[in-house]
Visitor: 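Starting off with a structure, shown below.
Just so it is clear: chains get the letters A, B, ... in the order the sequence lines come, proteins before strands, and each one is counted from 1.
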Protein chains: 2
Amino acid sequence: MKRKMTIQEIARLAGVSKATVSRVLNNRGGVSPETRRKVEEVIRLYSYTPNLVARGLSLKRTSSIGLIVAHTAERLSSHLFFIEFLRGISALLDERGFRLIVATAESEDRYETSCRSMAEGGVVDGVVVLGVRRNDKRLRYFLRAGIPVVTVGRPIGFPRVDYVDVDNAGGARVATEYLLRLGHGEVLFINGPREHTASLAREKGYRAAFRALRREVDEGLIVYGDFSFESGYETVRGLLARGRAPSAVFAASDLAAMGAITAFKEAGIRVGQEVSVIGFDDIPYAHFFDPPLTTVRQPIYEMGKEAGRLLLLRLEGEAGPERLHKTFPTQLIVRESTIRS
Amino acid sequence: MKRKMTIQEIARLAGVSKATVSRVLNNRGGVSPETRRKVEEVIRLYSYTPNLVARGLSLKRTSSIGLIVAHTAERLSSHLFFIEFLRGISALLDERGFRLIVATAESEDRYETSCRSMAEGGVVDGVVVLGVRRNDKRLRYFLRAGIPVVTVGRPIGFPRVDYVDVDNAGGARVATEYLLRLGHGEVLFINGPREHTASLAREKGYRAAFRALRREVDEGLIVYGDFSFESGYETVRGLLARGRAPSAVFAASDLAAMGAITAFKEAGIRVGQEVSVIGFDDIPYAHFFDPPLTTVRQPIYEMGKEAGRLLLLRLEGEAGPERLHKTFPTQLIVRESTIRS
DNA sequence: CTTTGTTTTGAAACCGGTTACAGCAAGGAG
DNA sequence: CTCCTTGCTGTAACCGGTTTCAAAACAAAG
């Protein structure tokens, strides 16, 4: 373990001043070719790398950004969303020389201190907030501290915050229309929680599909769950128990769709042959499922990349005062859980 | 957006010196009660929090640790391992006031610069390395820079590096014995890659089970895959095509087990009724699968916590020169993919 | 050979904390 | 009343970089 070199020592060894070494390190002009060569030589010889903490203090920029994960990110669907998003954003950040600090928390109050210290400790230049909620308290911390924020999902109550989102309404509409056009008379809609922005948008899409085909929505066929496997399972089981078997299901998550399919299976009803089920997300397991799941794909990886891109745009000051945002299209992936009725 | 306060301004406002404010902030002694009260008052009033970058520079500790993810972490099983591990380690770090920096990289060379800058930039106090390989180059960087390392999986070639691991051999042995005791005459073993430490250990366990029951291993029934769904699927399909139907399969990953089951299903063979399949990992989907998968569970979350714990122990200098390590037991989770033959 | 302009270079201040050390005031002992 | 502790507080140096600014070196022009 060699002791860590400092810029001062390199300067001494190269026979120049700290300032000159700094200029060489940052490729600034105003250094004669021979001096530069000499300094570079010494740097290479001792394989010196600058201390990033000191640089951070001096520049008031740390080249690291925070990824704030919702405290409720315990559910599986969130997990898979998270990992894919993480891949996307870290690919971009890595490419641009930024580090990623991930903040999670077990409890509500720890969560708050964790956010505060991240907001005010000067360790991050900007943050991406996942699972943003209406009037999110976390956002206030960051905004008050003057830290640029990009949220995933349109942040209600914060008209000036940049965000990336997915076309939830469009995706839901396409899926619902697909089911209706397959000839299904009724489509059970297993939605997410009522408060969730995405749920609202998906419901809007569901209704739009009916309207487009001049059909009536049966309000009794819209139920609210929590995106979980269980919510899909219980909903279908309940309906079957009451003798009311829907011929098609559109679930607001793949997990709920899998739950629904499992309930059908247990009742001896073959999905993809007698009834149709469509999910939402296209989680990696969707195509291993039996039957392989027809679903609405979200480009999560791309959303991660874009969130990073927007944040860096903001950090580099190249963005104007207007809100930056990008909404991604969804794509209906037809597999084997759907059939003409 | 209020401007960020500095310790100097707080000192001025409280009518004391920086040193005193620092002492109050860090709960050091040698401050009179009334001065302390006064300073705390001002701190609260302006809701001042110290700049962590400056503190880091001064203390040469940043209270953040790095999580180094293998560049090959693109496979699904790694994903699920990763997310669970992340939950564990971040729970612990959060509790102890540490931040987590996640380093991934798309390409090999970017990966190297990313590791180097993390090793030498002074931004992390220690690192946890996932997916460690024989003579891992990354480890050398960190060790040379004098940064404490904990690896996940016993690091071959580094006899002094701390690590956490899981009892791969024991888990494999229990699973294999379970199948043999169910009366299965032959057990197909779909292993991971040959170079992988975990694969080797699991094979050892497989052989131990046969030895324990005084049975002969059929070498032709040990095949090497890559933990993927496809490797399980293709292996079983190939065997069935050659008319050689095993009555039991032990796969070194849940994903491979699912692939194997899918191949059986396609051939009209009912898993859990005619043949038995056991996986490894207990990924979150294992119990949603059809049939719910019998598998060897790894306590991944706990391993994440423990990795963090070991690292902090090392950082706090409370560990002696001997290697720290912990090997976790596995647990056979019996579900519905296994049956008495 | 000045004068002027342009590079190149280094000294010193700064970023915002921590801490060694010295000074000062108060209290107790002799 | 003096001397010594003891406790509290401030000064200044330090962590390792960046950057401003002025001086020095050099080249070109007059």
Visitor: Go nucleotide by nucleotide along DNA chain D from the 5' end; which of A:Y48 and B:R36 gets its closest nucleotide reached first?
Guide: B:R36

Visitor: Just by modelled atom types, is the B:R138 backbone N or O under 3.5 Å from a matching donor or acceptor in the B:D136 side chain?
Guide: yes

Visitor: If only side-chain N and O atoms of A:K60 are considered, is one of them under 4.0 Å from the OP1 or OP2 phosphate oxygen of C:dG16?
Guide: yes

Visitor: With nearest nucleotide decided by heavy atoms, which residue, B:T35 or B:L57, maps closer to the 5′ end of DNA chain D?
Guide: B:T35

Visitor: Do the side-chain N or O atoms of A:R28 get closer than 4.0 angstrom to the phosphate oxygens (OP1, OP2) of D:dT19?
Guide: yes

Visitor: Is it true that the NZ or CZ of A:K305 lies under 6.0 Å from the centre of A:Y301's six-membered ring and within 45 degrees of the ring axis?
Guide: no

Visitor: Between A:E41 and A:K38, does any NZ, NE, NH1 or NH2 come within less than 4.0 Å of an OD or OE carboxylate oxygen?
Guide: no

Visitor: Just how far, in rounded Å, is P of C:dC14 from CZ of A:R61?
Guide: 20 Å

Visitor: What's the CD1-P distance between B:I7 and C:dG16, to the nearest Å?
Guide: 11 Å

Visitor: Any salt bridge linking A:E34 with A:R37? Criterion: basic side-chain nitrogen under 4.0 Å from a carboxylate oxygen.
Guide: no

Visitor: In whole angstrom, give the distance that lies between atom CG of A:L59 and atom P of C:dA13.
Guide: 20 Å

Visitor: Can you tell me how far P of D:dG17 sits from CD of B:E120, to the nearest Å?
Guide: 12 Å

Visitor: Can you check the B:Q8 CD to C:dT19 P distance for me, whole Å?
Guide: 17 Å

Visitor: Here's one to test your reading of the geometry: is the NZ or CZ of A:K326 within 45 degrees of the ring axis of A:F328 and under 6.0 Å from its centre?
Guide: yes

Visitor: Let me know the distance between CE of A:M5 and P of D:dG16, rounded to the nearest Å.
Guide: 12 Å

Visitor: Taking CD1 from B:I10 and P from C:dG16, how many angstroms apart are they, rounded to a whole number?
Guide: 13 Å

Visitor: Please check this pair: side chain of B:K4 against backbone of A:E120, looking for a donor-acceptor N/O pair closer than 3.5 Å.
Guide: yes

Visitor: Which nucleotide in the set C:dG16, C:dT18, C:dT9 lies at the smallest distance from any side-chain heavy atom of B:A54?
Guide: C:dG16

Visitor: Would you mind checking if B:R87 and B:E84 are paired as a salt bridge, meaning a charged N to carboxylate O distance below 4.0 Å?
Guide: yes

Visitor: Please give me every residue in residues 14-27 of chain B whose heavy atoms get under 4.0 Å of an atom in DNA chain D, ordered by residue number.
Guide: B:G15, B:V16, B:S17, B:A19, B:T20, B:R23

Visitor: Between the base of D:dG16 and the side chain of A:T6, is there a donor-acceptor distance below 3.5 Å?
Guide: no

Visitor: When the distance from CG of A:N51 to P of D:dT18 is rounded to whole Å, what number comes out?
Guide: 10 Å

